[in-house]
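Working notes, structure below.
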Protein chains: 2
Amino acid sequence: MVTIYDIAEKAGVSAMTVSRVINNAGRISEKTRTKVKRVMDELGYVPNQMARSLVLQETRLLFLMITDITNPFYTTLARGAEDAAKKHGYRLLFGNTDEDLEKENDYIDAVLKTRADGVLLAPAGDASLPHLEMLRRHRVPFVLLDREVPGMDSDVVLGDSKEGARQLVKQLVGGGHRRIALINGSRTISSARERLEGYREALKLNDLTYDEALVLETSFGPRSDLTVIEAWLDRMRPLPTAFVAGNNVLAVELMRALRSRGLRVPEDASLVCFDELASYAEMDPFLTVISQQAYQFGYLGMQMLLDRIQSRDEQAPGWRKIVLPAELIVRRSVRQL
Amino acid sequence: MVTIYDIAEKAGVSAMTVSRVINNAGRISEKTRTKVKRVMDELGYVPNQMARSLVLQETRLLFLMITDITNPFYTTLARGAEDAAKKHGYRLLFGNTDEDLEKENDYIDAVLKTRADGVLLAPAGDASLPHLEMLRRHRVPFVLLDREVPGMDSDVVLGDSKEGARQLVKQLVGGGHRRIALINGSRTISSARERLEGYREALKLNDLTYDEALVLETSFGPRSDLTVIEAWLDRMRPLPTAFVAGNNVLAVELMRALRSRGLRVPEDASLVCFDELASYAEMDPFLTVISQQAYQFGYLGMQMLLDRIQSRDEQAPGWRKIVLPAELIVRRSVRQL
DNA sequence: CTGTTAGCGCATTCAT
DNA sequence: ATGAATGCGCTAACAG
């Protein structure tokens, strides 16, 4: 491996001079600078980031943990985060937790060992608290995305889940629907709770009674069991005329289940949900959705994180909470009754 | 920051003993071992990976570069790679190049600086050659995925693109189609070339003449311009009865363009393509496709890479080339004429 | 079974 | 404008 000492020797200077050339630090004569640079090219020198990090006590490495790499909401978010990181000269390490606390734990461990400068994460759920405490304890700045964790104050970027749920229900009610079901993620996840809350509020606001039988709590992730949804459908008599899905994955799963029962959307049942589907499904977009600004989640979250990193030693400003507005996009998946 | 010296002092042993406990190396009395471990817990010690890597000359960090993070083919591939890496105790850094040589170059740079132990990459194109030479020069083992690069021998995992294209054309011909168009990625990408080749061969085999006007060369990426496709459609008179798309993104773009012209699939035009669409589009899968084993691309590629890393100093075995078979899945997007 | 010495590659003092 | 000494946190090699 080529080191600054190799360069130094061949260029007839000291290692320190080489280091200065690399970092554009201190005053160096133009002559030696060009000479050193030429030797670096000749030898194909690449600075050793580890050695550098070891002495500088910073890695310029950030970590992004998402809960489902196949969900376009999160990949779009990842793009935003990456763009913002790159703009500031940081690199980004991705991790996919699948909403699995053990996997999340592994990644937290990796973060600490790697001495990443900061972490951006969508926590698996409320039970992620010890992981966050771990980060806090080791003074690793982090920003939460999409989900809060009770008991832990921090910077966070959220969507307006409650308002989104209200709007979805309102849209359905506007279409004449009065029997409206909800399929949702686990209540151990703040966004799922908020969505349930918004759903209930909107029902009340429209003089509709909340019926537990019309609510299914399952998983936001791609592993949710189709038979569970089918059984739920079969339990409800009569079938609701409309459904709210807590996210895009659940919307798709529900459509599959409906199809397996010979039911079409929107002819036999109306459906609205949170988040856009994959762009590939958008050849002919027909689901009415609350569209969240996925890219902004990542971009703004990353900016907050970088702010936090750069002011690490200064007195910390208060925790910031960004709530991105919910935008309703009306398409064709709601039938007018 | 807590170091092994802090542990050592508090536990009344030497730093070396602490190191041994951490790595389960050498013989240590059970008494000191438990004592050291307790102190480590108390102080919340986490090993410094950088210091470790610096002396061990290995990072146990691998890098995966893909060309489109929003393409489910690549995210599925990424899952496979991640699973295989994790199984062997390696961590994986993702990079998204968008088929952009500059971005690819930045990532190559990052790989070298970080001293990643190895790289798995879908190259942006033939022009990625200098990047690969860079890796080779610095003895960073790498495995190519999905695409070869002329002039560079290496391990590689490919799909059988030529055979896939043949099968798609054959399927169309079997449906009575004789005027078959191809929309494809850039010819600077090996898989695009292979697909074009297979398309031409299949035409010849069926006594159909190759017509340049029926072939559009654009980009596999998400940035391809819709107007280019629309112009192409408008140029072709009469319109082909069937289309082959070089990948899933192009299939979607083409469908959009067809729709903008009031044309439906398969009623007005048949369409087949490489790669499945996003799972979310698969609620009602209707495209006839060559389904590639995306997960296997990543998993097998990673295994080859790890093999290569582990035998780095031994005499290198010859380069290995895995060609994954093309599987035709017939659905409803081809109309029988 | 445990400790000492040395060095991984680099940048921050302080000299000159 | 440049160089020498020192240490970041850790482990390999050797000594005991």
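Quick caveat, the model's predicted, so the values are computed rather than measured. Convention: sequence-line order gives letters A, B, ...; per-chain numbering from 1.
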Nearest-Å distance for atom pair CD1/P, residues I4(B) and dG9(D):
10 Å
Whole-Å distance between dT2(C) P and E30(B) CD?
10 Å
Does a side chain donor of either Y45(A) or K37(A) reach within less than 3.5 Å of an acceptor in the other side chain?
no
Looking at Q57(A), I'd like to know whether one of its side-chain N or O atoms comes within less than 4.0 Å of OP1 or OP2 on dG9(D).
yes
To the nearest angstrom, how far is E9(A) atom CD from dA4(D) atom P?
13 Å
R52(A) side chain near dA11(C) phosphate (N/O to OP1/OP2, under 4.0 Å)
yes
Base, sugar-phosphate, or nothing for M50(B), non-hydrogen atoms under 4.0 angstrom?
nothing
Any Y5(A) side-chain N or O less than 4.0 Å from OP1/OP2 of dG3(D):
no
Can you tell me how far P of dA13(D) sits from CG of N23(B), to the nearest Å?
14 Å
Below 4.0 angstrom from OP1 or OP2 of dG3(C), is there any side-chain N or O of S14(B)?
yes
Euclidean distance, atom NZ of residue K35(B) to atom C1' of dC1(C) [Å, nearest integer]
16 Å
dG9(D) OP1/OP2 closer than 4.0 Å to side-chain N/O of Q49(B)
no
Compare every heavy atom of L54(A) with every heavy atom of L54(B), then report the nearest pair and how far apart it is.
CD2-CD2, 3.5 Å
Decide yes or no for L61(B) and Y90(B): does some side-chain heavy atom of the first lie under 4.5 Å from some side-chain heavy atom of the second?
no
Of the listed nucleotides dA12(D), dT2(C), dG3(D), the one nearest the side chain of T17(B)
dT2(C)
For T32(B) and dT2(C), is the shortest distance between a side-chain N/O and OP1 or OP2 below 4.0 Å?
yes
Between A51(B) and R33(B), the residue closer to the 5' end of DNA chain C by nearest nucleotide is R33(B)
Nucleotide dT2(C), atom P - distance to NZ of K31(B) in whole Å
9 Å
Electrostatic pair D126(B):R147(B) at N-O distance under 4.0 angstrom:
no
Separation of atom CE in M1(B) from atom P in dG7(D), rounded to whole Å
18 Å
Distance below 4.0 Å between S29(A) side-chain N/O and dA1(D) OP1 or OP2:
no
Taking the inter-plane angle between the rings of Y107(A) and F63(A) on a 0 to 90° scale, is it parallel (under 30°), tilted (30 to 60°) or perpendicular (over 60°)?
tilted
What's the closest nucleotide to the I28(B) side chain, out of dA13(D), dC10(D), dT2(C)?
dT2(C)
Among the nucleotides dT2(D), dT12(C), dT11(D), which one has an atom lying closest to any side-chain atom of R20(A)?
dT2(D)
V55(B) has its side chain closest, among dC10(C), dT11(D), dG3(C), to dT11(D)
Say whether N96(A) and Y74(A), considering side chains only, have a donor N or O and an acceptor N or O under 3.5 Å apart.
no
Reading DNA chain C from 5' onward, which residue's closest nucleotide shows up sooner: L56(B) or M16(A)?
L56(B)
Phosphate OP1/OP2 of dA11(C) contacted by S19(A) side-chain N/O (<4.0 Å):
yes
Could you work out which one of dG9(C), dA11(C), dA4(D) sits closest to the side chain of L54(B)?
dG9(C)
Could you state the atom-to-atom distance from CG of N24(A) to P of dT2(D) in whole Å?
14 Å
So, is N48(A) close to the dC8(C) phosphate, meaning a side-chain N or O under 4.0 Å from OP1 or OP2?
no
